[in-house]
Structure formats: structure tokens, C-alpha cells
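Just so you know, these numbers use all the heavy atoms, side chains as well, and skip hydrogens, waters and symmetry mates. Numbered from 1 within each chain, the chains take letters A, B, ... in sequence-line order.
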Amino acid sequence: MSQISLSFPDGNSRDYPAGITAAEVAESIAPSLAKRAISANLDGRHIDLAWPIAESGAITINTMKDEAPALELIRHDFAHVMARAVQEIWPDVKVTIGPVRDHGWFYDFDRKEPFTPEDLGRIEAKMKEIIAARDPVRTEIWDRERAIAHYKGQNEPFKLELIDRIPEGEDVRMYWHGEWQDLCRGPHLQNTGQLPADAFRLTHVAGAYWLGDASRPMLQRIYGVAFRNKADLKAHLTMLEEAAKRDHRKLGREMELFHFQEEAPGMVFWHPNGWTIYRELEAYMRRRLTRAGYKEIKTPQVVDRILWEKSGHWEAYRENMFIVEVDEEGAKEKRTNALKPMNCPCHVQVYNQGLKSYRDLPLRLAEFGSCHRYESSGSMHGLMRVRGFVQDDAHIFCTEDQIEAECASFLDLLGSVYADLGFEKFDIKLSTRPETRVGSDEIWDKAETALEAAILKVRNDFEVDPGEGAFYGPKLDFKLTDAIGREWQCGTFQVDFNLPVRLDAEYIGEDGGKHRPVMLHRAILGSFERFIGILIENYSGKLPLWLAPRQVVVASIVSDADDYVRRVVDALRAAGLRAEADTRNEKINYKVREHSVGKVPAILAIGMKEVEAGTVSLRRLDSQGSRTLSLEEAVAELSAEAAPPDLR
RNA sequence: GCCGGUUUAGCUCAGCAGGUAGAGCAGCUGAUUUGUAAUCAGAAGGUCGCGGGUUCGAUUCCUGCAACCGGCACCA
């Protein structure tokens with residue numbers, strides 16, 4: 001038998017007979033390591049301990065201390081154990097696939113009756129039994145025919161389809177967990193008893209299409225989470241509770257920001273508090289855009305379908321547009337209009353008025369564009385996905401040579417806006433040319449190179465998504481990370497060679513001839529609605545002073561202080577602060593509690609001491625104590641902090 | 001749009017194996033004048049999401065629809 005050489009993380013290497021398993025390698029290093037070993041990495045590939053190693057390479061033995069491989073194995077084995085438990089309880093259930101995902105795994109089943117929450121408890125109990133039985137895990141490689149015959153015998157149509165999809169030449173591997181087996185790529189633990197029976201939980205059941213295809217049958221998906229130990233599971237469950245507390249839908253109601261109602265699904269009714277946030281954010285963006293050389297415009301809500309046919313939207317998105325039919329007087333037919341689902345075609349109309357010269361470029365047209373899209377009923381979600389929304393939209397008309405500079409200055413603006421709004425970290429994704437596209441390869445080369453060069457000026461870590469660009473040009477997407485680590489795609493920067501052609505935009509070049517401008521679609525916030533939802537969740541409702549709807553509440557301790565309270569409120573308002581008086585006949589404890597729960601950033605408590613000394617007692621949200629300041633000091637401190645970040 | 005669930009007072013939620021509903025908080029009224037996260041008392045508040053059916057009788061059972069929630073699909 002031939003020899004192979006395996007190198008270890010410490011730099012040493014040793015020769016072994018080919019076909020040795022990772023378990024045997026671990027044993028040869030130290031019996032204690034062999035006991036703790038759970039899997040191995042061979043040249044970066046995660047393999048079973050029992051896997052015969054045929055060729056030389058770099059090997060690392062993994063134990064439960066190695067978080068990434070340990071969690072992958074645990075979660076993957078839990079998926080199998082759960083599927084086994086389900087089939088033991090309901091033998092007629094068909095199994096499909098069960099990958100590791102996020103903090104756990106899911107497994108999709110085909111079963112007529114729906115799984116209920118009570119069923120989850122039953123499955124969990126059965127899983128614990130299986131773990132306690134400590135069944136060994138075995139792997140076998142089958143030939144395709146045998147696997148097909150086996151699953152035909154078992155009447156498992158989904159597994160047959162999966163075998164069909166395994167590429168020719170790849171092994172068909174079967175994993176046995178005791179008497180139960182599953183078609184699987186692996187790797188797995190050596191024994192189901194290695195699973196932490198107290199560190200998993202089945203979380204919920206949901207429908208999911210077979211292979212993610214809406215035209216295929218809907219299966220039932222059971223989700224679970226699992227960790228290496230009970231403490232990690234508990235930490236995760238606590239994190240979920242914390243996330244639920246900052247849900248913008250809940251805070252939106254509690255802080256009286258907005259509401260939704262049945263008669264207008266997906267459309268926001270903004271209340272005074274919520275609309276204050278919106279207006280502050282809009283005013284801020286307007287100042288930033290103006291300073292960055294944008295011209296603001298406003299275009300119609302309702303536009304004849306003829307324009308949408310020209311732009312191509314009618315053909316591609318008609319199903320998702322709100323259609324308005326109008327009986328015009330004397331007309332034979334109804335005229336069909338659509339609420340605009342996006343602003344770009346209208347912006348080209350503004351551009352097209354009057355002849356443009358190369359000297360006019362780049363022309364940056366911005367609009368807080370109110371758009372409507374008929375989103376499918378199941379996709380709406382609070383402010384995060386709505387049918388009526390406003391984009392911080394702009395289109396930059398420029399020459400091909402100007403793409404790089406425009407992209408670079410956009411990146412500056414975007415990074416600065418995100419930082420101002422409290423998001424220091426964001427990721428960039430570059431999506432390049434798809435298979436079906438418009439525009440010559442030369443132009444695509446130019447655009448992709450320009451985008452990449454522009455990003456590289458700001459940073460060198462960005463993800464490339466080949467083939468994921470729009471048919472009309474490459475694009476950048478920007479994902480910001482919030483306070484609890486969730487990612488939100490907000491900004492976008494798209495190069496468009498298509499729409500200027502379809503809508504016939506042109507400019508007169510230095511040579512006196514007509515040329516096509518390039519159109520750059522870009523947004524920073526995405527939509528105001530969604531971004532405000534993200535802000536609320538990021539700050540848990542405790543918005544920075546400049547965005548807080550109610551900035552200061554002045555609360556009297558005794559009614560004899562009421563007159564002074566009103567004078568304090570007047571002084572705060574005169575300094576531009578959003579201040580309210582609370583002179584209700586309640587104890588100060590009650591008022592402090594109520595306004596703290598209502599996320600008011602500053603409370604000024606006024607008793608007779610303050611009245612006599614002309615001072616205020618300032619209590620900041622989440623602080624335990626209070627500070628006594630003169631009225632002038634308090635106004636100065638709060639109004640300085642309430643200035644928007646770009647005006648400080 | 002698809003699968004499952006939910007819908008009872010302004011909010012959070014009980015309840016009803018069919019005989020038209022109950023709590024806490026909020027709101028209202030009164031008392032209390034209070035020092036930094038809930039003062040006390042009283043009265044009031046609901047066509048039990050909307051429509052149809054079964055029944056002597058439906059908030060409860062059946063059915064259709066809508067909205068919302070959790071996913072899936074979609075997201076120019």
C-alpha cells in the first residue's frame with residue numbers, strides 16, 4: 001500500500017499508509033485527542049473521522065472546542081436526528097432535505113396533516129430518546145442504481161429527485177444513524193450520543209416550496225436551533241427576546257409613530273411623532289444632496305401606460321403596478337395610467353426637456369419620489385416592506401468617462417450619511433454582467449472597471465457577485481449592520497446603458513454630434529419608510545436627540561411650579577427644541593416612568609427648588625440620576641446636541 | 001401568491017365542550033400637591049375582524065373573505 005504524507009497545524013508532518021482515517025491519525029498523535037476528536041479538515045475540506053484519506057495534504061483534527069466545525073456537525077446531525085424522529089413517529093412522512101442554516105438547521109417534510117406546536121414537543125422528546133441511545137453513525141458509498149432502487153422501495157420520491165441531481169462522477173453517500181439512513185454529503189459525528197441533548201430547541205413550522213420553486217409542491221419545514229452547550233442556547237433565546245423588544249411595529253405603536261389599517265394594507269398612516277422623524281430625516285438628506293451638487297425635482301404620481309411601455313416596466317412589472325383607469329369625457333376608451341413604481345422614466349422626461357450639452361454633465365437629478373408597488377400580500381412586513389413608499393432617489397446623467405468620479409463621490413456621501421445616522425459598518429457588493437444584457441462588452445468593461453476602481457479608493461474589502469448585475473448595467477449594493485448585528489440592504493448604485501436608449505436621452509458632445517448619456521441610478525437610504533424602521537430597531541426606539549420626536553418633556557412636581565414649567569417650555573421651543581409640558585396631577589415618579597417608557601431623551605423635573613433658583617433638574621433617558629443646571633445652561637446643552645450632525 | 005397560525009375594550013390578554021363576555025394597564029371623574037421608572041377611589045367602556053350557513057339560540061360549530069403574524073416565493 002502506498003504512503004501519504006500529512007502535515008499538521010504545528011508545521012510537522014508524518015507519513016501514513018494511504019486510506020488511513022482521520023480517527024486513526026488523531027490516535028497516532030495522542031489517544032486523548034482521538035477521544036475528543038469530532039471531525040477533521042483536510043486541505044480545508046471538512047471530513048468525517050472515519051473517512052479514508054487517499055492523498056497527502058494538510059490535516060487538522062477538530063474537537064468540540066473548534067466552534068465552526070463543531071456547530072456545523074452538531075446542527076447537521078440534529079437535522080438527521082429530527083428527520084429520524086419524525087419518521088419514527090409518522091412513518092408515512094416523506095423526507096427531503098435538511099441543511100444547516102443560521103443558528104441551527106431546518107428539514108423539509110412532505111406530510112398531509114400540518115405539524116402543530118404540540119407535535120414539536122413530541123418530536124423533541126423523541127430526539128432526546130434517539131440521542132440517549134447513542135447510535136453509531138456509519139457511512140457507505142452506494143452506486144447510483146442501488147440508491148435509486150432503495151428509495152423506490154422506500155417510496156421516497158423527493159430523495160429520488162435528489163439522486164438525479166447529484167452530478168455524474170460524484171459519490172452517492174448514505175449515512176446511517178442506527179437503523180435510520182439518509183442520503184447525505186456529510187460530514188457527520190461518529191455517534192448521535194455526541195449531540196448536546198440540552199442545547200437544542202425546535203422553534204417553528206412553516207411552509208416552503210420544494211427546491212425553492214413556487215411551481216413545485218409546498219412542503220412543511222421545521223426549524224431548529226442548536227449550540228454546543230445549554231448556556232449558548234439560552235444566550236441565543238435571550239437575544240431573540242431582545243430583538244422582539246425592539247420590533248419597530250411594537251415600538252411604532254407604543255411611541256405613537258404610525259399605524260396601518262385594513263383599508264390600506266401596506267400604506268403607512270404617519271402620526272405626528274413618526275412624521276417628525278420622517279421630516280427631520282428628509283430635511284437632513286435634502287441638505288446633504290444639495291451640498292453634493294444634486295438638483296431636486298418632483299415628478300407625477302400617475303403616468304400613462306404609454307411611458308411605462310416605452311421604459312419596459314409595463315412588460316416586466318405590470319403585475320406589480322397599481323393601475324388607474326380613467327373615463328375621459330368624450331373618449332371612446334378608458335385611458336390606462338399607472339401609479340409610478342419608480343422614478344427613473346420620469347427623470348429622463350425632465351432631462352429630455354431642452355437640448356443638453358456635454359457641459360451640462362454630470363447632471364444630478366434628485367427626488368424624494370413617492371412610489372407605489374403592488375407587493376404580494378405575504379411579503380409585507382411593517383415599515384420594512386410596504387406598497388407605498390418614498391425613495392431618496394436620484395439619477396445622474398453623465399458620460400462614460402465620468403462614471404468613476406461619480407461613483408467615488410457617491411461613496412463618500414453614502415459613507416458620511418451612514419456614519420451620521422449611526423451606522424459605522426457597512427458592506428459593499430459588486431454585481432457584474434449577467435448572461436442576458438444590453439450594451440457592448442467594451443462598455444461593460446469600462447463600467448465594471450470604473451466601479452471597482454472607485455470602491456478601491458475607499459476600501460479593499462468588497463464582495464463580487466458575478467452575473468448578478470441588472471440587465472442594463474453593473475451595480476453596487478450597500479448593506480449596513482445594525483446594533484445587534486443584523487444586515488440591511490439600503491443603498492444602491494447602478495449603471496444603466498439601457499434606459500437612455502429606450503427613452504431617447506441624448507446630449508451634444510464636444511464634437512457637435514449627438515451622444516447617449518449614461519444614467520446612474522442611486523439611493524442611500526433606499527426608502528424612508530424602511531430606513532426609519534431600521535433606525536427604530538437599531539436604536540431600540542431611543543433615537544438620538546436630533547431625530548427624537550419629543551426631545552424634552554418638562555414635568556412639574558407640584559402644581560405651584562406649573563407657570564415656571566410653561567416658561568421653561570417656551571424657552572426650549574424658542575431655541576428650536578421640541579418640548580412639551582407635563583403639568584398633570586401625577587407624581588413625578590409616574591411622569592418619569594411614563595416618559596422613559598415613551599423614549600423621551602430628556603426630562604426636566606421642576607419643583608419649588610427649581611422655581612426659586614431659576615434652575616431645572618435634567619434627567620437623561622436611561623441614566624439613574626439627574627443634574628441641576630440653570631435654565632440657560634440646559635437650553636444651550638440640549639440645543640447643541642439637537643443640531644443635526646451635518647450642522648454641528 | 002403559497003403553507004400554517006391569529007383576530008375578544010385604546011393596549012396586553014383571559015373566557016365560552018352553543019344560552020350575547022372578564023382582568024390589568026391606558027382613558028374619564030373625584031380625592032391627593034407629590035423630588036426622579038406605576039398615589040388611591042369611583043363610574044364607564046365591547047354588534048367578540050367582516051359576510052353566509054347550521055341551530056330555538058352562534059363570540060363559541062361549519063364555510064367564504066379580509067387583515068395581521070411566522071416562513072416560502074417575489075422584491076425593477
Quick one: label [X] by what it contacts on the DNA or RNA (base, sugar-phosphate, nothing), any heavy atom closer than 4.0 Å.
{"X": "A/Gly312", "result": "nothing"}
{"X": "A/Asn320", "result": "base"}
{"X": "A/Ala206", "result": "base"}
{"X": "A/Phe260", "result": "nothing"}
{"X": "A/His204", "result": "sugar-phosphate"}
{"X": "A/Tyr472", "result": "sugar-phosphate"}
{"X": "A/Lys609", "result": "base"}
{"X": "A/Pro341", "result": "base"}

Ignoring backbone atoms, establish whether [X] has a side-chain N or O less than 4.0 Å from OP1 or OP2 of [N].
{"X": "A/His381", "N": "B/rC75", "value": "no"}
{"X": "A/Arg101", "N": "B/rC72", "value": "yes"}
{"X": "A/Arg253", "N": "B/rC11", "value": "no"}

Does [X] come within less than 4.0 Å of [Y], counting only side-chain N to carboxylate O?
{"X": "A/Glu586", "Y": "A/Lys591", "value": "no"}
{"X": "A/Glu254", "Y": "A/Lys599", "value": "no"}
{"X": "A/Lys479", "Y": "A/Asp477", "value": "no"}
{"X": "A/Asp504", "Y": "A/Arg516", "value": "yes"}
{"X": "A/Arg550", "Y": "A/Asp582", "value": "no"}
{"X": "A/Glu637", "Y": "A/Arg627", "value": "yes"}

So, under a plain 3.5 Å distance rule, would you say the side chain of [X] forms a donor-acceptor pair with the base of [N]?
{"X": "A/Arg385", "N": "B/rC75", "result": "yes"}
{"X": "A/Tyr209", "N": "B/rG1", "result": "yes"}
{"X": "A/Ser376", "N": "B/rA73", "result": "yes"}

A/Met380 has its side chain closest, among B/rC68, B/rC2, B/rA76, to B/rC68
[N] pairs with, by Watson-Crick or G-U criteria that keep both distances under 3.5 Å:
{"N": "B/rG51", "value": "B/rU63"}
{"N": "B/rC25", "value": "B/rG10"}
{"N": "B/rU33", "value": "none"}
{"N": "B/rC2", "value": "B/rG71"}
{"N": "B/rA38", "value": "none"}

Taking atom [atom1] in both [N] and [M], what distance in whole Å separates the two?
{"N": "B/rU54", "M": "B/rU47", "atom1": "P", "answer": "26 Å"}
{"N": "B/rC3", "M": "B/rC65", "atom1": "P", "answer": "11 Å"}
{"N": "B/rG30", "M": "B/rC48", "atom1": "P", "answer": "32 Å"}
{"N": "B/rC40", "M": "B/rC25", "atom1": "P", "answer": "9 Å"}
{"N": "B/rG4", "M": "B/rA38", "atom1": "P", "answer": "46 Å"}
{"N": "B/rA41", "M": "B/rG49", "atom1": "C1'", "answer": "36 Å"}
{"N": "B/rA43", "M": "B/rG1", "atom1": "P", "answer": "48 Å"}
{"N": "B/rC68", "M": "B/rC50", "atom1": "C1'", "answer": "15 Å"}

Take atom CZ in A/Arg620; do more than 12 heavy atoms of anything else shown fall under 6.0 Å from it?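 Correct, the count exceeds 12.
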Rounded interatomic separation in angstrom, taking [atom1] from [X] and [atom2] from [N]:
{"X": "A/His248", "N": "B/rC68", "atom1": "NE2", "atom2": "C1'", "answer": "13 Å"}
{"X": "A/Arg249", "N": "B/rC11", "atom1": "CZ", "atom2": "P", "answer": "16 Å"}
{"X": "A/Arg216", "N": "B/rC3", "atom1": "CZ", "atom2": "C1'", "answer": "17 Å"}
{"X": "A/Arg387", "N": "B/rA67", "atom1": "CZ", "atom2": "C1'", "answer": "11 Å"}
{"X": "A/Arg584", "N": "B/rG30", "atom1": "CZ", "atom2": "C1'", "answer": "17 Å"}
{"X": "A/His313", "N": "B/rC75", "atom1": "NE2", "atom2": "C1'", "answer": "13 Å"}
{"X": "A/Glu263", "N": "B/rA67", "atom1": "CD", "atom2": "C1'", "answer": "9 Å"}
{"X": "A/His259", "N": "B/rC11", "atom1": "NE2", "atom2": "C1'", "answer": "15 Å"}

Could you measure the distance from the CE atom of A/Met255 to the CG atom of A/Asn273? Nearest 0.5 Å is fine.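 Reported value, rounded in 0.5 Å steps: 7.5 Å.
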Kindly confirm or rule out a cation-pi arrangement of A/Arg75 over A/Phe227, judged by NZ or CZ under 6.0 Å from the six-membered ring centre and within 45° of its axis? yes
Could you go through A/Arg522 and A/Tyr294, starting from their C-alpha distance and side-chain angles, then the distance that decides it, and tell me whether this counts as side-chain hydrogen bond (donor to acceptor under 3.5 Å, both in side chains)? CA-CA 12 Å; A/Arg522 39 106 299 158; A/Tyr294 290 79; 3.1 Å; yes
Determine whether A/Phe115 and A/Trp90 satisfy the following criterion, ring pair (Phe, Tyr, Trp, His ring centres under 6.0 Å), listing intermediate values before the conclusion. CA-CA 11 Å; A/Phe115 289 112; A/Trp90 299 279; 5.4 Å; yes
Nearest nucleotide by nearest heavy atom, which residue falls closer to the 5' end of RNA chain B, A/Arg221 or A/Pro114?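 Taking each residue's closest nucleotide, the earlier one in sequence belongs to A/Pro114.
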Toward the 5' end of RNA chain B, by each residue's nearest nucleotide, A/Tyr317 or A/Asp247: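 Counting from the 5' end, the first nearest nucleotide belongs to A/Asp247.
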Nucleotide-resolved protein contact map, nucleotides 36-51 of chain B, B/S/- at heavy-atom distance under 4.0 Å: BBBB------------
